[in-house]
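Because the structure is predicted, anything quoted here is derived from the model rather than measured. Numbers restart at 1 for each chain; the letters A, B, ... are given by sequence-line order, proteins then strands. Values below: every heavy atom of this structure, side chains too, minus hydrogens, waters and symmetry copies.
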Amino acid sequence: MTNSPRSVSDRTSSVGAFGLLSEPARRWVERQGWTSLRDVQERAIPAILAGGDVVVSARTAAGKTEAAFLPLLTKVEGDAAGFRIVCVSPLKALINDQANRLEGLAEACGHPLHRWHGDVSASAKRRARENPSGVVLITPESLEAILLRQGVHARPLFAGLQAVVVDELHAFIGTERGIHLQSLLTRVEAIAGRDRIDRIGLSATLGDMALAADCLRPGDGPSVRLVEGRDAGNVVKVQIRGYVRPTRVPEDAIASSRHAPGASPREDGSDPAFEAVVSDLGRILRGRTNLLFAGSRRNVEAYADALTTACGSAGVPNEFFAHHGNLSRAHREEVETRLRDDPRPSTAVATTTLELGIDIGDVAAVAQIGPGSSVSSLRQRLGRSGRRPGTSAELRIFVIEDEDGPAAHPIDRLKLGLIQSMATVDCMLGGWCEPPPAAGLHLSTLVHQTLALIVQTGGISAKAAWAILCGRGPFRSVDRVRYAALLRCMHEARSPLVEQAPGGQLMLGPGGERLASGHDFYAVFVTPEEYRVVHGGQTLGTLPLDRITLPGQTMIFVGRRWRVLEVDADARVILVEPTSAAMPPRFDGSAGPLHDHVVAEMRRILSGGDVPTYLDQTARSMLEGARHAYRELGLEAASVVEVGTGVVLVPWVGTRKLDTLAAALVAMQHKPAARRHFVEVDGCDTVRIRRTLARIAGGDHPSDAALASAVPSPAIAKYDGWLSPDLMRAVVISERLETASLRETASRVLASGTDHEPGDTPHRAGTET
DNA sequence: GACCTGCTGCGGTCTG
């Protein structure tokens with residue numbers, strides 16, 4: 001948006017939407033010096049002025065915020081007390097960004113703007129509560145806090161509400177927090193005594209926008225109007241670079257030649273493949289502003305440290321800075337500010353923390369270690385680069401694969417990290433991205449919302465609670481019978497969460513009182529307890545509590561090396577001092593689900609013959625080797641490979657179907673382990689597994705409930721622990737498994753192996769070369 | 001075989 005002598009009103013082509021705005025809003029636009037409204041604004045303004053629910057989608061920095069607030073502030077009216085517009089945002093940092101952006105516009109239109117989140121002073125919130133008006137920017141958790149703590153007194157705050165805006169709608173889709181938000185919006189409508197209050201969703205462009213509409217108005221997605229920004233994306237330059245990690249040398253060889261080049265990869269950084277990646281990263285990224293997505297916090301620390309060290313060795317100033325969720329807010333803001341405002345080149349080495357809409361400006365290039373978690377994440381990341389007209393987005397993916405060796409697992413020869421990277425890129429270039437998971441039962445969050453509704457109302461009948469949460473709200477797949485079962489197990493907990501008063505009203509039991517009065521009740525997600533890492537009185541960040549840390553131990557953190565001085569278990573503080581040698585700390589976590597479509601693309605790549613130009617020389621020869629191994633392992637024909645004392649099943653399906661197959665095999669007395677792309681079954685041969693798979697394919701397999709019982713450690717969500725085994729199984733069936741696909745998955749493994757009837761000589765994967 | 005997000009109100013003490 002550059003200054004220009006010509007204002008919007010001079011241009012007849014823009015008079016359409018511009019002319020619909022109120023005079024103060026038009027004057028504000030002119031004062032910005034905009035020469036025209038953006039495409040998405042042109043089309044969103046009439047849609048929002050017409051009323052009803054609207055999803056506005058466009059790429060980052062396309063002007064979505066103004067596209068929503070120009071028309072909303074134009075039509076908001078009435079002098080009665082109460083908030084006119086509530087805008088819910090997933091991050092405190094985004095609320096602060098938005099407030100700076102919207103303050104002038106809101107003021108010009110005569111409406112006050114309130115920020116409302118945990119870092120906003122209690123006095124500012126009290127002022128807003130006592131004199132509610134205009135626009136409030138708020139987090140879901142703070143909205144929950146208002147409903148909980150104000151109870152019936154919250155009604156005047158929302159009675160005159162004219163619209164709800166959901167910022168970064170895509171960040172809520174398919175998540176537990178998204179269900180919470182949907183329930184909150186229903187409760188706000190109920191407390192305002194209104195059937196519907198207009199909802200405006202601001203979203204990144206997704207593969208299927210109908211799913212965003214369903215998220216904005218659960219149960220009535222088709223009534224939501226979609227406005228998609230048409231700003232053309234810039235040219236994308238992609239490269240996938242391969243790196244071979246040499247085979248681990250035998251133990252005695254390590255003992256005799258510990259420092260020999262090409263020896264076994266070690267965690268202290270003497271892994272030659274890691275060093276080659278670091279050296280190329282330094283060469284490619286230095287001198288510009290970039291993002292490097294390293295995948296895990298541990299990798300972020302390892303790469304940031306190695307790149308910083310390399311800068312030191314080269315005698316140049318450091319340009320590489322770690323950024324992840326365990327680092328202090330102050331440090332992260334410093335990195336964000338440097339990326340955005342500092343002319344000096346810098347690269348943030350980050351996890352997913354820099355994927356969301358935090359304003360860091362345009363970066364020159366995006367680099368990534370490994371395939372990443374999904375196509376939609378890759379798209380978000382790439383959207384950070386090449387936004388200026390005339391520039392192109394640059395993406396480089398660095399993939400390390402082990403060298404084929406005598407001790408290697410046969411499946412490793414397929415180079416699935418490289419193949420998944422290629423599949424993810426191909427899906428993205430083809431315009432596809434993952435849809436959110438099908439709606440589950442979300443009973444953990446229903447436990448939370450039931451408690452919250454009781455606190456908010458001071459007591460409510462089961463019938464009325466069901467009507468709001470399940471009838472109108474997001475828990476539509478929970479019928480009255482199942483809700484009664486849920487209330488029963490909430491009541492039968494060792495310390496009851498709910499009790500029934502003589503009049504039939506639901507009240508909190510002692511267990512419910514304890515949960516609802518706790519500080520962490522406002523959020524529906526769990527956070528593990530953590531130690532604060534402190535140096536010289538400054539908090540550097542936090543580390544998970546379960547990590548055993550002892551004085552004298554060294555670690556890499558914030559991209560620098562430290563020695564632990566003291567661990568204070570009571571205060572949960574780790575005191576550290578700088579040191580010279582260290583290893584990155586471990587964090588825990590598990591991988592997210594892989595979609596069927598990406599896995600199908602992987603198979604297409606392995607069975608195909610064309611070599612994409614985006615591969616570098618090493619990646620090309622890796623692909624050639626992987627295709628050779630694919631044929632040699634017989635995977636063109638069969639999806640069963642004998643390995644060691646067991647078999648590997650490769651049905652080429654995504655995580656949920658793979659987990660379902662593994663659960664069925666457990667229930668049928670096998671010993672499977674579901675890996676990222678395949679299932680390993682120990683102590684079993686081809687004949688026996690084919691017999692089992694044939695039974696499954698024929699429909700002779702355990703019931704859904706038996707499959708759910710075979711899933712290890714099913715409790716994941718915050719209040720899962722309060723569900724009965726029956727309800728927990730129902731949750732697992734609806735959210736973790738795809739039982740309807742089981743017969744087909746088994747058939748896929750069998751059907752591709754029609755050349756190998758039971759009794760045929762099975763294909764034997766040689767571990768010899 | 002990963003990541004990220006959030007948080008009230010009250011009563012006490014201190015300061016200008």
Should A/Glu176 and A/Thr445 be marked as a side-chain hydrogen bond (donor to acceptor under 3.5 Å, both in side chains) after you check the CA-CA gap, both sets of side-chain angles, and the distance that decides it?
CA-CA 7 Å; A/Glu176 212 62 55; A/Thr445 299; 2.6 Å; yes
Which nucleotide in the set [options] lies at the smallest distance from any side-chain heavy atom of [X]?
{"X": "A/Thr352", "options": "B/dG9, B/dT5, B/dA2", "result": "B/dA2"}
{"X": "A/Lys92", "options": "B/dG6, B/dG9, B/dT8", "result": "B/dG6"}
{"X": "A/Ala674", "options": "B/dC4, B/dG1, B/dG6", "result": "B/dG1"}
{"X": "A/Ala145", "options": "B/dG6, B/dT8, B/dA2", "result": "B/dT8"}
{"X": "A/Thr527", "options": "B/dC3, B/dG6, B/dT8", "result": "B/dG6"}
{"X": "A/Ser296", "options": "B/dC4, B/dT8, B/dC3", "result": "B/dC3"}

Could you tell me how the ring of A/Phe521 sits relative to the ring of A/His448: parallel (under 30°), tilted (30 to 60°) or perpendicular (over 60°)?
tilted
Of A/Thr353 and A/Gly518, whose closest DNA chain B nucleotide lies nearer the 5' terminus?
A/Thr353
Rounded distance (Å) that lies between atom [atom2] of [N] and atom [atom1] of [X]:
{"X": "A/His323", "N": "B/dC3", "atom1": "NE2", "atom2": "P", "answer": "15 Å"}
{"X": "A/Arg177", "N": "B/dC4", "atom1": "CZ", "atom2": "C1'", "answer": "9 Å"}
{"X": "A/Ile716", "N": "B/dA2", "atom1": "CD1", "atom2": "P", "answer": "15 Å"}
{"X": "A/Gln380", "N": "B/dC3", "atom1": "CD", "atom2": "P", "answer": "19 Å"}
{"X": "A/Asn326", "N": "B/dC3", "atom1": "CG", "atom2": "P", "answer": "9 Å"}
{"X": "A/Gln456", "N": "B/dT8", "atom1": "CD", "atom2": "P", "answer": "16 Å"}
{"X": "A/Phe521", "N": "B/dG9", "atom1": "CZ", "atom2": "C1'", "answer": "16 Å"}
{"X": "A/Glu168", "N": "B/dT5", "atom1": "CD", "atom2": "C1'", "answer": "12 Å"}

For nucleotides 10-14 of chain B, tabulate all protein N/O to nucleotide N/O atom pairs closer than 3.5 Å, reporting atom names and distance.
none

Touch class at under 4.0 angstrom, heavy-atom based, for [X] against every strand present:
{"X": "A/Arg129", "answer": "sugar-phosphate"}
{"X": "A/Arg381", "answer": "nothing"}
{"X": "A/Ser373", "answer": "base"}
{"X": "A/Arg149", "answer": "sugar-phosphate"}

Not counting sequence neighbours, which residues clear ring pair (Phe, Tyr, Trp, His ring centres under 6.0 Å) with A/Trp432? List them please.
A/His595, A/His597
Classify the side-chain pair A/Arg187/A/Gln449 by whether it contains a donor and acceptor separated by less than 3.5 Å.
yes
Is the aromatic ring of A/Tyr522 within stacking range of B/dT8, meaning centres under 5.5 angstrom and planes under 30 degrees?
no
Identify all side-chain donor-acceptor contacts of residues 123-130 of chain A below 3.5 Å with residues at least two apart in sequence or on another chain.
from	atom 1	to	atom 2	distance (Å)
A/Ser123	OG	A/Ser121	OG	3.2
A/Lys125	NZ	A/His117	O	3.1
A/Lys125	NZ	A/Val120	O	3.4

At under 4.0 Å, does any side-chain N or O of [X] touch on OP1 or OP2 of [N]?
{"X": "A/Arg329", "N": "B/dC4", "answer": "no"}
{"X": "A/Arg297", "N": "B/dC4", "answer": "yes"}
{"X": "A/Thr175", "N": "B/dT5", "answer": "no"}
{"X": "A/Gln150", "N": "B/dG9", "answer": "yes"}

Per the side-chain contact (heavy atoms from CB on, under 4.5 Å) rule, which among A/Val399, A/Ile400, A/Leu281 passes with A/Ile369?
A/Leu281
SB check A/Glu355 A/Arg381 (cutoff 4.0 Å)
yes
Does the pair A/Glu333/A/Arg329 count as a salt bridge with the N-to-O cut at 4.0 Å?
yes
Go through the steps for A/Arg736 and A/Asp659 under the test salt bridge (Lys or Arg N to Asp or Glu O under 4.0 Å), then give the verdict.
CA-CA 8 Å; A/Arg736 306 265 302 276; A/Asp659 286 349; 5.8 Å; no
